[in-house]
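Below: one structure, written as structure tokens.
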Amino acid sequence: MKDWGHVKQDHRPQFNLSDVPRYHHFRASGGPFNASQGNPGLLPYASDNLDFSLEWYYRPGSYVSVGAFQKWVSNFIGAVRLTGPITNAAGNAITDPSVNPRPGCPENGSAPNPACVSQPGDPVVTFDISSTGNLRDASVRGLEAAVQQVFGDTGFGVILNGTLVDGNISYNVYDVSGSTFALTGLSNSANAVVFYEKNGLQARVSYNWRDKFLLGFAGAGEPVFTEAYGQFDVSASYDVTDNLTVFAERLNITNESTRRHGRFKERLIDYETYGARYSLGVRAKF
């Protein structure tokens, strides 16, 4: 059996990326003057998706499938660095009173001195601004494959599947310009499952793996990478009656941890370890 499809999608920007509020960070005298702000003019990014797959069911419960996909994305949203003035609540550009300080400035006492406050006649501050913008177009392509094999009437079976994905834009960790255009969340993945299903008993052992990927960007456009991760899970359930099932599962049985780092692997951002997780329960249908 073969399938193919074409889909066109529009994705609205996240609200926090297009929000207007600005955040200023600067020293009282001479800078540096940094700010971050949203971009209310962001356009939604659009994608044209093309998918194709082939499936062969060679015996009951067993099949082989392969697939390919291509996505063309326009108005891609990414981090940008700008320079320019920032306005205050009254719509006036923020100025720097420390360039030509007036008498009594800087202040020596605890009481504020009005003469030391930014005035319209002071030089306008040029900020380094972190924001978001619509950047270049991009494309994503990938291959998928899956196999499920059931071993006769034994109840045993295996499932194997994997995905290879790539984009036409790769992130250069040595580019420190601050204008970041990269495809986030792209990585290869695979999983394997051994299962048993017969006479009301279901049991499975699975391994899920995902390669390293670019998670996103932190302050000043610095990248955040999630390192490769894999974990083993086991689960079992038994149908006591047609309406009552008991189950148990243990996730991450080998106590794997998650690591995220910055531009280079040595710049550890966070390390998460939760150990194995257990659950027992009963499901009932009425």
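The analysis underlying the following values was restricted to heavy atoms, covering all of them including side chains, and did not include hydrogens, waters or symmetry mates.
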Q: Mind checking the CG-CG spacing from N208 to L251? Nearest 0.5 Å is all I need.
A: 10.0 Å
**Q.** Audit row: F195, V150, side-chain contact (heavy atoms from CB on, under 4.5 Å) steps and yes/no
**A.** CA-CA 9 Å; F195 66 88; V150 175; 4.1 Å; yes
Q: Go through the structure and list residues passing side-chain hydrogen bond (donor to acceptor under 3.5 Å, both in side chains) with T163, not counting sequence neighbours.
A: none
Q. Does F69 belong to the same Ile/Leu/Val/Met/Phe/Trp/Tyr cluster as V73, with side-chain heavy atoms less than 4.5 Å apart forming each link?
A. yes
Q: Check whether the ring centres of F225 and F264 lie less than 6.0 Å apart, and answer yes or no.
A: no
Q. Hey, what do you get for CG (N252) to OH (Y278), rounding to the nearest 0.5 Å?
A. 10.0 Å
Q: Any side chain to side chain donor-acceptor pair (under 3.5 Å) involving residues 188-198? Give me the pairs, sequence neighbours left out, ordered by first then second residue.
A: N161-N191
Q) Nearest 0.5 Å, what's the OG-CG distance between S47 and N75? A) 11.0 Å
Q) Which of these passes side chain to side chain contact (heavy atoms under 4.5 Å, CB included) with Q149: Y63, Y58, F156? A) Y58
**Q.** Atom pair CZ (R250) and CG (L280), whose distance is rounded to the nearest 0.5 Å
**A.** 12.0 Å
**Q.** Validation row: R277, S279 side chains within 4.5 angstrom (heavy atoms)
**A.** no
Q.
Could you check whether any side-chain heavy atom of V66 comes within less than 4.5 Å of a side-chain heavy atom of W56, counting everything from C-beta outward?
A. no
**Q.** Neighbour count >12 (heavy atoms, 6.0 Å) for atom CG, D242
**A.** no
**Q.** Minimum heavy-atom distance between V193 and R204, given as atom pair plus value
**A.** CG1-NH1, 3.8 Å
Q: Evaluate side-chain contact (heavy atoms from CB on, under 4.5 Å) for V158 paired with F151, printing each intermediate quantity in order.
A: CA-CA 9 Å; V158 296; F151 299 102; 4.2 Å; yes
Q) Is there a donor-acceptor contact under 3.5 Å from the side chain of E222 to the main chain of R263? A) no
Q: With the side chain counted from C-beta on, respond yes when V282 and L244 share a heavy-atom pair under 4.5 Å apart, and no when they do not.
A: yes
Q) When rounded to the nearest 0.5 angstrom, what distance separates OG in S53 from CD in E55? A) 5.0 Å
Q) Would a distance-only check, ignoring hydrogens and angles, find a side-chain to backbone donor-acceptor pair under 3.5 Å from D128 to T83? A) no
Q.
Are the side chains of F33 and I94 in contact, using a 4.5 Å heavy-atom criterion?
A. no
**Q.** Distance-only side-chain donor-acceptor flag, Y271 / E227, under 3.5 Å
**A.** no
**Q.** Spacing of Y238 atom OH and L201 atom CG [to the nearest 0.5 Å]
**A.** 8.0 Å
Q. Within a strict 4.5 Å, meaning less than it, do heavy atoms of the Y171 and V173 side chains meet?
A. yes
Q.
Counting only heavy atoms from other residues, nucleotides and ligands, does the tally under 6.0 Å from CG of N243 exceed 12?
A. yes
Q) Is there side-chain contact between Y229 and R210, with at least one heavy-atom pair below 4.5 Å? A) no
Q: Could you tell me which non-hydrogen atom of I253 sits nearest to which non-hydrogen atom of A276, and how far apart they are?
A: CA-CB, 4.4 Å
(Q) I'd like to know if V224 and F213 are part of one continuous hydrophobic network [Ile/Leu/Val/Met/Phe/Trp/Tyr, side-chain heavy atoms within less than 4.5 Å]. (A) yes
Q. Are side-chain heavy atoms of T258 and Y274 found at a separation under 4.5 Å?
A. no
Q: Treating Ile, Leu, Val, Met, Phe, Trp and Tyr as nodes and any side-chain heavy-atom pair under 4.5 angstrom as an edge, say whether V165 and I169 lie in one connected cluster.
A: yes
(Q) Could you tell me if the side chain of L214 sits less than 4.5 Å from the side chain of L186, heavy atoms only? (A) no
Q. Between the side chains of S74 and D137, does any donor sit under 3.5 Å from an acceptor?
A. no
